[in-house]
Enquirer: 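Once you've had a glance at the structure underneath, I'll fire off some questions.
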Amino acid sequence: MRKIAVIGGGTMGNGIAHVFAQGGYDVALIDMDEGALDRARATVRKNLDRQVKKGLVDATAVDAILGRIAGFTAVGDGVSDADLIVEAVPEKAELKYKLFKELDASAPASAILASNTSSISITEIAARTDRPDRVIGMHFMNPVPVMKLVEVIRGLATSDETTNAVMELSRELGKTPVEVNDFPGFVSNRVLMPMINEAVFALMEGVATAEAIDTVMKLGMNHPLGPLALADLIGLDTCLNILEVLHSQLGDDRYRPCPLLRKYVAAGWLGRKTGRGFHSYER
Ligand code: NAD
């Protein structure tokens with residue numbers, strides 16, 4: 001694999017483009033919003049500069065890494081010669097189904113189609129294509145350049161060949177892939193989101209302030225970030241979408257999204273990306 005297309009240049013897409021470009025791959029970064037492409041490029045540069053300061057990247061390599069990322073606003077333009085496509089558009093099932101149908105039509109027949117979805121069924125996404133054996137979950141963690149894990153999700157029809165190729169590629173990027181089966185929320189969000197949701201309930205019920213809840217979990221459980229700060233990093237809209245999938249797909253009320261989370265999302269308080277969530281951030 002040499003050419004990678006990344007669809008969606010938001011919180012995750014810019015990081016995914018970053019690690020592939022840093023790994024020497026040519027990357028087509030596709031976002032329908034021109035402004036998102038500009039922000040993605042600026043974020044990749046800022047994060048590369050941070051890696052240079054930490055001695056993780058050679059300063060002379062920065063321009064070459066950025067030069068390997070080409071931006072596109074139309075899916076058809078960016079995927080026609082891609083070996084692997086990683087989708088990172090918002091966590092909305094209908095949006096992903098439509099996009100995978102389009103990708104199946106415009107990407108080379110041999111290309112692997114991967115989704116960075118946090119919770120939507122890979123089997124259902126794959127069923128929208130004529131290549132379900134070459135559809136897989138490649139779930140990077142946020143922030144992508146820093147986090148080691150890639151959760152590799154096998155849909156019902158995903159082939160061994162596809163799984164092995166994605167596991168190997170993840171290792172080449174310096175990541176540690178873990179293979180899991182397709183089930184709502186996979187492992188990561190099946191375990192993480194109920195904890196975040198419970199923290200929001202605790203806040204709503206006045207058990208403690210957001211700062212206090214996060215401090216208890218940081219100092220008491222040795223978590224590097226408290227659950228509310230982590231929700232702000234992930235994006236509160238993304239957290240809500242994942243909880244909706246867990247709730248509807250598993251049919252259990254223990255996954256019902258906290259009303260306070262809904263209220264924040266309705267207000268447009270989405271966390272770091274909007275400057276305000278459970279905590280406030282300078283933008
Ligand atoms: P985001 O809202 O930050 O970015 C999504 C981007 O997709 C936006 O720039 C938007 O303009 C673009 N987009 C929307 N529709 C498009 C289309 N049809 N074609 C091209 N571009 C389109 O979202 P995000 O947080 O980066 O999440 C993306 C995916 O990654 C979701 O499936 C999410 O569940 C998953 N994920 C998120 C996190 C996280 O911490 N945020 C972690 C792991 C996985």
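All values reported here derive from a predicted model rather than from experimental measurement. Worth knowing before you read on, the calculation uses all heavy atoms, side chains too, and leaves out hydrogens, waters and symmetry mates. Whatever order the structure lists them in is the order used to number ligands and atoms, beginning at 1.
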Enquirer: With side chains defined as the heavy atoms from C-beta onward, is the minimum distance between Q249 and E124 less than 4.5 Å?
Expert: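 Q249 vs E124: side chains touch.
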Enquirer: Between E91 and T238, is there a side-chain donor-acceptor contact under 3.5 Å, judged purely by atom types and distance?
Expert: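 Distance-only check fails for T238 and E91.
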Enquirer: Looking at D104 and R134, is any side-chain nitrogen of the basic one under 4.0 Å from a carboxylate oxygen of the acidic one?
Expert: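 No.
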Enquirer: Please confirm whether R2 makes a cation-pi placement over Y25, using NZ or CZ under 6.0 Å from the six-membered ring centre and within 45° of the ring normal.
Expert: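 Yes.
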Enquirer: Evaluate side-chain hydrogen bond (donor to acceptor under 3.5 Å, both in side chains) for D182 paired with T123, printing each intermediate quantity in order.
Expert: CA-CA 7 Å; D182 187 22; T123 306; 2.5 Å; yes
Enquirer: N or O contacts of ligand 1 with protein under 3.5 Å, please list pair by pair.
Expert:
residue: ligand 1; atom: 3 (O); partner: T11; partner atom: N; Å: 2.9
residue: ligand 1; atom: 3 (O); partner: T11; partner atom: OG1; Å: 2.9
residue: ligand 1; atom: 9 (O); partner: D31; partner atom: OD2; Å: 2.6
residue: ligand 1; atom: 11 (O); partner: D31; partner atom: OD1; Å: 2.7
residue: ligand 1; atom: 11 (O); partner: D31; partner atom: OD2; Å: 3.4
residue: ligand 1; atom: 26 (O); partner: T11; partner atom: N; Å: 3.3
residue: ligand 1; atom: 26 (O); partner: M12; partner atom: N; Å: 2.8
residue: ligand 1; atom: 30 (O); partner: N116; partner atom: ND2; Å: 2.9
residue: ligand 1; atom: 32 (O); partner: V89; partner atom: O; Å: 3.3
residue: ligand 1; atom: 32 (O); partner: E91; partner atom: OE1; Å: 2.5
residue: ligand 1; atom: 32 (O); partner: K96; partner atom: NZ; Å: 2.7
residue: ligand 1; atom: 34 (O); partner: E91; partner atom: OE1; Å: 2.9
residue: ligand 1; atom: 34 (O); partner: S118; partner atom: OG; Å: 2.6
residue: ligand 1; atom: 36 (N); partner: S118; partner atom: OG; Å: 3.2
residue: ligand 1; atom: 40 (O); partner: N142; partner atom: ND2; Å: 3.0
residue: ligand 1; atom: 41 (N); partner: I234; partner atom: O; Å: 2.8

Enquirer: Take a 6.0 Å sphere around CZ of F183 and say whether it holds more than 12 heavy atoms from other residues, nucleotides or ligands.
Expert: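 At most 12 heavy atoms, drawn from other residues, nucleotides or ligands, come within 6.0 Å of this atom.
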